[in-house]
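Read through the structure below, which is laid out as structure tokens, and then see the notes.
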Amino acid sequence: MFDPSKVLLSQIIVDTLSSLGITADRERVYQSIEFCPQPELGQYAFKTFIVAKQAGMNPMEFGTKLCDALKQHNQISSVAQAGPYINLILFSGEIAPLLIDDGASGDVAVITPSVPHRYMIEHSQPNTHKEMHIGHTRNSVLGDTLCRLLKHNGYSVFAQNYHGDEGAHVAKCIWYIRTFNQSPAEGQDKGTWLGQMYVDSTAKIEGATPEEAEQYKAGISAVLKGIESREGPDYAYWKETRQWSLDMFHEVYDWLDVSFDSDCCESDVSEESISVVKEYLDKGVFIRSEGAVGADLSDKKLGFCMLLKSDGNGLYATKDIALALKRFREQNPDTCVYVVDNRQSHHFKQVFATLDKMGFPQANRCYHLAYEMVETKNGAMSSRKGNIVPILGLIDELEAQARGILEERYSADWSAEEIADVAKLISRSAVRYGMIKVDPESKIVFDMESWLTFEGNTGPYLQYVFARICSLQRKSSDDEINLSSEISWSALDKTSEQQLLAHLANFNEMVDVSCTKLKPNMFASYTYDLARKFNAFYAECPINSEPDASLRQARAALVRLTQIYLGTAMDLLAIPRIERM
RNA sequence: GGUCCCGUAGCUCAACUGGAUAGAGCAUCUGCCUUCUAAGCAGAGGGUUACAGGUUCAAGUCCUGUCGGGAUCACCA
């Protein structure tokens, strides 16, 4: 029960029912309160049928009695029965004080959870020696937003990145560079160049004659052995180039405002992972089959989870298990969430079932947050084929677009540097919001044109509303508003004002729902609605130009409250607050 | 073939997991800037929620089947 306004309303209803001789469960009443589908109907709607059924009464009769009794209540400004619903409006003076923190920090306060809880969130996972594309961006934005929401909900969070830095793709890339004497151009981003070398290497291999293919295969195998030997020139070059990729990734993370508590690589756990498998093979948990070692999960209809190939090498699942054990040991998380695209659903079912079979109870609190892919109009992106949309390319286009718009409007007043700075912040919001607003289970078909618009349901729209609020405050001739002073809140009786207040009160509930359902898009949607409701209020109600001083003050206070809530919401979505745009 | 996910307005997506007349954004049309930022607001048109059954006071949401799209199912990651 995170919505203070609905808590108040449910208490009013419980008390009123009690005076009628009906006992009702407060939580059940709370869950029977929703927002009116149309603003004209009212602010809140109480569904009578759930509680009526529990009380063994006819919903209509129950509703009529309750409605008549609520009409006498001094905290309710309007109440009307509409079939099985009772539509209500609370006096604004009842809601607004519930939304003010005494700390006056300018942010919505972090929630104190009833039980402490630690989350491990793994996300991003770009492979080194490959280009980073907008698919990775969706992953990171999803994971990072989830981390922020969980932290606001009072949980402790351990954010983990995990790079595929070994295996065939790396060997191919390095083999190609060294065999054909490639080198990056002066001033070129080396990480991006590596991604191109990987694409070129696959093209070279695919175009090879049978004799060349044999030769190439031997060369790649030699590079792979060189890297695994942890010494010699191939190993040294692998370490050097890997860093180029990691540097590029961090450039992108900085731009996106994404951070991690741990930046782990497959090579960090691959050795350990082999010994873990052997240990559990000896314990009789794992079995040998057709020369390979793995977990028999046929009782759970998950087949065979292979952990050692017949050549003795580990696989992806092997390392995932070793890394999970390391995290259980070192971080002691209550819940682990793996943000990975939905093609890995079967893989994670196997990994979790294997951890369970190994006797780790944490396995039952591991979740795969499976999201759909980002595709182009021509279908799936593949870094192997090179038909990807690189994130750095998208960033360049967005910033150019934003600069163009800003120059048109502000070239007379703003410096070039200021324009570039704000353009960057607008571009970041376009990317973050564009990626997070869609349900994780929905595919995103990328087209550049729609990403370059900053109107409607977009990140820049949120920034625009925030900038409007700041502008109102700059232009006000009154003293800066103090929310803890006497404010005649109940003067706020316009529909748009009541709608906005009720929406603000729902903030923490939406954070919680987004966390428990692992759907940060729900919070994005909440934030967009918040901005829209402010705009509706802005259009309907004069603020600075309101002649009545106490009403003007109350509206300025509502503007300030919105600034606090919208600002915090933007922080949770990593959408930068902009004071002028 | 088995398993999992998806199918909602011309297009892109919502719908707080069973609740009122299914909502937004693009796009189209109509209003609103000599008065708080028009990156905005208000309004119009646009829907048999793929199809057929079922469950119940109530189904886009749950169950069954059909059709269509995608993913995945042992030595890839």
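Because the structure is predicted, anything quoted here is derived from the model rather than measured. Every chain is numbered from 1 and lettered A, B, ... according to where its sequence line falls, protein lines coming before strand lines. When reading the values below, keep in mind they use all heavy atoms of this one structure, side chains included, and skip hydrogens, waters and symmetry mates.
Nearest nucleotide to the side chain of A/Ala292, out of B/A39, B/U72, B/C75: B/C75. Closest to the side chain of A/Arg409, out of B/G23, B/A39, B/C36, is B/A39. For A/Asp439, counting side-chain heavy atoms from C-beta on, the closest listed nucleotide (B/A42, B/A15, B/C6) is B/A15. Listed nucleotides: B/C13, B/A39, B/A20. Nearest to the side chain of A/Ser442: B/C13. Nearest nucleotide to the side chain of A/Asn457, out of B/A15, B/G25, B/C5: B/G25. Of the listed nucleotides (B/A39, B/U37, B/U21), B/U37 has the atom at the smallest distance from the side chain of A/Ala467. Of all nucleotides listed (B/C5, B/C16, B/C36), B/C36 comes nearest to the side chain of A/Ile543. When each of B/U72, B/A77, B/C16 is scored by its nearest atom to the side-chain atoms of A/Met522, the top-ranked nucleotide is B/C16. Of the candidates B/C6, B/A77, B/U37, the closest approach to any side-chain atom of A/Arg474 belongs to B/U37.
Across the protein-nucleic acid pair, A/Met581 atom CE and B/G40 atom C1' stand 11 Å apart, rounded to whole Å. At whole-Å resolution of the value, CD in A/Glu372 and C1' in B/G70 are 7 Å apart. At whole-Å resolution of the value, CZ in A/Phe304 and C1' in B/C73 are 14 Å apart. Rounded to whole Å, atom P of B/C41 lies 5 Å from atom CG of A/Asn535. What separates OH of A/Tyr528 from P of B/U12 is a distance of 18 Å, to the nearest Å. The CZ atom of A/Arg552 sits 20 Å away from the P atom of B/U35 (whole-angstrom rounding). Computed from coordinates, the A/Gln43 CD to B/A20 C1' distance equals 18 Å when rounded to whole Å. Distance, A/Ile578 CD1 to B/U37 P: 16 Å, rounded to whole Å.
If you take atom C1' in B/A24 and the same atom in B/A9, they sit 11 Å apart, rounded to whole Å. Look at the P atom in both B/U56 and B/U61: the space between them is 16 Å, to the nearest Å. Distance check on atom P: B/C6 versus B/G53 gives 23 Å, rounded to whole Å.
When heavy atoms are screened at a 4.0 angstrom cut-off, A/Ser289 is found touching base atoms of the nucleic acid.
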Kindly indicate, with the supporting measurements, whether the criterion side chain to side chain contact (heavy atoms under 4.5 Å, CB included) is fulfilled by A/Val51 and A/Phe46. CA-CA 10 Å; A/Val51 177; A/Phe46 177 65; 3.8 Å; yes
Apply the test side chain to side chain contact (heavy atoms under 4.5 Å, CB included) to residues A/Gln160 and A/His123: give CA-CA distance (whole Å), side-chain angles for both, the deciding distance (0.1 Å), then the verdict. CA-CA 6 Å; A/Gln160 168 174 288; A/His123 66 94; over 6 Å; no
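The backbone N or O of A/Cys265 lies less than 3.5 Å from a partner atom in the side chain of A/Asp268, making a donor-acceptor pair. A/Ser221 places no side-chain N or O within donor-acceptor distance of the main-chain N or O of A/Lys217, the cut-off being under 3.5 Å.
With hydrogens and angles ignored, no donor-acceptor pair under 3.5 angstrom links the side chain of A/Ser525 to the base of B/A15. Remark: the A/Lys301 side chain and the B/U3 base include no donor-acceptor N/O pair separated by less than 3.5 Å. Looking at A/Asn87, its side chain comes within 3.5 Å of the base of B/A20 through a donor and an acceptor atom. You'll find a donor-acceptor pair under 3.5 Å spanning the side chain of A/Ser310 and the base of B/C75, going by distance alone. At a cut-off of 3.5 angstrom, counting only N and O atoms as typed in the model, there is no donor on one side facing an acceptor on the other between the side-chain of A/Arg532 and the base of B/A24.
Ring orientation note: the planes of A/Phe534 and A/Phe537 are nearly perpendicular, at an angle over 60° on the 30°/60° scale.
If you check B/U3 for Watson-Crick or wobble pairing at under 3.5 angstrom, you find it paired to B/A71. If you check B/U66 for Watson-Crick or wobble pairing at under 3.5 angstrom, you find it paired to B/A50. Remark: B/A20 base-pairs with no nucleotide in the shown strands. Criterion, Watson-Crick or G-U wobble with two distances under 3.5 Å. Nucleotide B/C26: paired with B/G10 (Watson-Crick or G-U wobble, both distances less than 3.5 Å). For B/G40, the paired nucleotide is B/C32, the pair qualifying as Watson-Crick or G-U wobble because both relevant distances are below 3.5 Å. B/U55 makes up no base pair with any nucleotide shown, lacking Watson-Crick or G-U wobble contacts both under 3.5 Å. The base-pairing partner of B/U61, taking Watson-Crick or G-U wobble contacts with both distances under 3.5 Å, does not exist among the strands shown.
Mapped onto RNA chain B by nearest heavy atom, A/Tyr461 and A/Ala317 fall at different nucleotides, with A/Tyr461 at the one closer to the 5' end. When each of A/Lys519 and A/Cys36 is assigned the nucleotide of RNA chain B with its nearest heavy atom, A/Lys519 is the one assigned upstream, toward the 5' end.
Checked against the 6.0 Å centroid criterion, the rings of A/Tyr338 and A/Phe348 qualify as a close aromatic pair.
Distances shorter than 4.0 Å separate some side-chain N or O of A/Arg468 from OP1 or OP2 on B/A38.
From A/Gln401, atom CD reaches atom CG of A/Leu406 across 10.5 Å, with rounding to the nearest 0.5 Å.
Using a cut-off of 4.0 Å between Lys/Arg side-chain N and Asp/Glu carboxylate O, A/Asp421 and A/Lys424 are scored as not salt-bridged.
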